[in-house]
Amino acid sequence: MATVLVRNGRVVTASESVLADLFVDGEKVALVGQGLSLPADTVIDASGCLVLPGGVDAHTHLDMPAGPLPSADDFEPGTRAAAFGGTTTVVDFATPAPGESLLAALETWRRKAESKAAVDYGFHMALRGLGGATLAEMAHLVRDEGVTSFKLYLAYPGVLQVDDATFFRALLGARECGALTQVHAENGGVIDVLVRRALARGETAPRYHALTRPPETEAEATARAISMATLAGAPLYVVHLSCAAALAHVTAARDRGLPVHAETCPQYLFLSIADYDRPGFDGARYVMSPPLRDTADQEALWRGLAGGDLEVVATDHCPFTLADKARGRHDFSKIPQGAPGIETRMMLLWDGGVRAGRIDAPRFVELTAAAPARLFGLWPRKGTIAVGSDADLVVWDPERETRFSAETLHMRVDYSPYEGRVVHGGPVFVLSRGEVVVDHGEWKGRPGRGQFLKRAPGPARP
Ligand code: URP
Ligand code: ZN
Ligand code: ZN
């Protein structure tokens with residue numbers, strides 16, 4: 001087993017920031033202390049740098065079929081790009097085909113990942129409905145397969161949307177087996193009407209994607225999901241929360257002591273509804289759901305991150321190429337929804353969060369690694385630096401300058417929503433289970449080295 005000594009860095013976890021050395025034996029952190037001087041196969045001098053736990057991205061869609069198209073990154077470029085950005089664990093959404101069993105979907109996603117993933121990965125399971133043996137399968141997935149969270153969609157009618165009765169039954173079922181229910185909270189029925197009316201008026205440009213999914217549609221669905229979770233006595237996790245009105249419902253629930261958790265994503269912090277008005281068809285690059293909001297929403301989200309009501313920053317990485325996006329050139333509702341972000345998450349949040357004085361370094365670790373690890377049953381193996389934890393480590397130069405460009409980023413997509421943006425702070429070395437996978441921007445990892453993570457059941461029942 002190889003050994004690594006990381007010297008002279010400032011080790012930052014969600015709870016502390018201390019000058020310390022780390023000794024890694026094989027895949028695990030073996031010692032944390034000052035002045036360690038053991039012989040090691042590899043010695044990394046982290047002077048002037050922070051040493052962070054590898055990031056945990058709890059929301060990705062790698063190799064996801066979206067109608068006739070797969071998302072542009074599969075597990076090979078996707079997890080490599082994740083590592084280049086300091087993320088060493090991804091939790092992707094296995095999504096059954098219509099009529100497919102959950103176990104078959106899990107098998108499909110395990111096959112997609114196993115020879116390709118370069119960092120460790122787990123799966124949430126999307127639920128299209130609760131037919132046949134679904135509730136029994138959910139229990140089996142939680143008990144035996146380490147899939148302990150289930151996402152349901154209150155949007156995308158005719159594709160993924162479930163009705164309230166199904167959502168409520170899923171909450172009860174998830175509660176029964178100790179799983180965490182995730183919700184895509186937008187009112188799909190209302191949005192569908194707004195989309196049809198817009199198209200009938202000839203409003204076909206990308207900006208109408210945002211105008212037909214106004215914040216009220218997200219706030220209403222968020223409130224409804226929280227009410228149903230409360231009635232079911234079940235914990236709830238709201239994915240990709242984008243606006244102040246939805247956050248207000250999360251805050252009110254948490255103020256009542258309810259087990260309601262929420263994530264946001266960098267796109268909702270750094271991009272805005274104005275991006276849909278970029279020249280030509282460029283607004284299509286920003287078509288995702290929920291859509292980008294306005295700057296007042298951004299400020300509310302930052303307050304939520306600093307104050308604790310938003311617990312996780314994930315990416316919802318779901319890229320499509322410009323050629324894919326062009327399918328909606330004459331009809332915004334045909335633009336495949338989603339954008340790249342798996343590589344840029346930590347650099348953006350460091351620059352706009354820590355350097356801008358909105359959050360401190362331990363809170364950054366909490367949002368990008370510790371909280372998702374805890375909520376999704378990976379703690380303390382992932383999300384922290386402690387004796388016995390996986391040696392997923394990022395030597396982070398707080399001043400490293402990066403100019404984002406599709407040309408130099410590693411995601412398999414021909415545009416970046418952040419093209420030309422300069423950020424400071426980024427990874428110099430990235431280790432995954434003790435192995436250096438990124439060294440000063442050079443790739444040292446290999447496809448297939450990532451391991452499937454069986455996750456423990458998430459937050460305790462209320
Ligand atoms: O537009 C998005 N967010 N695409 C990915 C699927 C989802 O709803 O998370
Ligand atoms: Zn979603
Ligand atoms: Zn998503």
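Heads up: numbering here begins at 1 and tracks the sequence. For ligands, and for the atoms within them, numbers begin at 1 and follow the listed sequence. Note that these values count all heavy atoms, side chains included, but never hydrogens, waters or copies made by symmetry. All values reported here derive from a predicted model rather than from experimental measurement.
Protein N/O/S atoms nearer than 2.8 Å to the Zn ion (ligand 2) total 3.
Between H184 and H240, the ring-plane angle classifies as perpendicular under the 30° and 60° cut-offs. Aromatic ring pairs are classed by plane angle as parallel below 30°, tilted from 30° to 60° and perpendicular above 60°; the pair F332 and H209 is perpendicular. In this pair, F75 and F123 present their aromatic rings perpendicular. The plane angle is above 60°, beyond the 30 to 60° band. Classification of the F270-W302 ring pair by plane angle, with boundaries at 30° and 60°, yields perpendicular. Under the 30°/60° scheme for interplanar angles, the aromatic rings of Y153 and Y156 are found to be tilted.
Between E218 and R293 there is a salt bridge, since a side-chain N of the basic residue sits under 4.0 Å from a carboxylate O of the acidic one. Salt-bridge formation is detected for the pair E220/R224: a Lys NZ or Arg NE/NH1/NH2 atom is positioned less than 4.0 Å from an Asp or Glu carboxylate oxygen.
Counting backbone and side-chain atoms alike, C318 contributes no N/O/S atom closer than 2.8 Å to the Zn ion (ligand 3).
T217 and E186 are not linked by any side-chain donor-acceptor pair at a separation below 3.5 angstrom, with hydrogens and angles left out of the test. Under the 3.5 Å distance criterion, with hydrogens and angles disregarded, no donor-acceptor pair is assigned to the side chains of R381 and S389.
For ligand 1, the 4.0 Å heavy-atom shell takes in H59, H61, K151, Y153, Y156, H184, H240, M288, S289, D316, C318, Q337, G338, ordered by chain and residue number.
Distance OG1/T88 to CD/E435: 12.5 Å, rounded to 0.5 Å.
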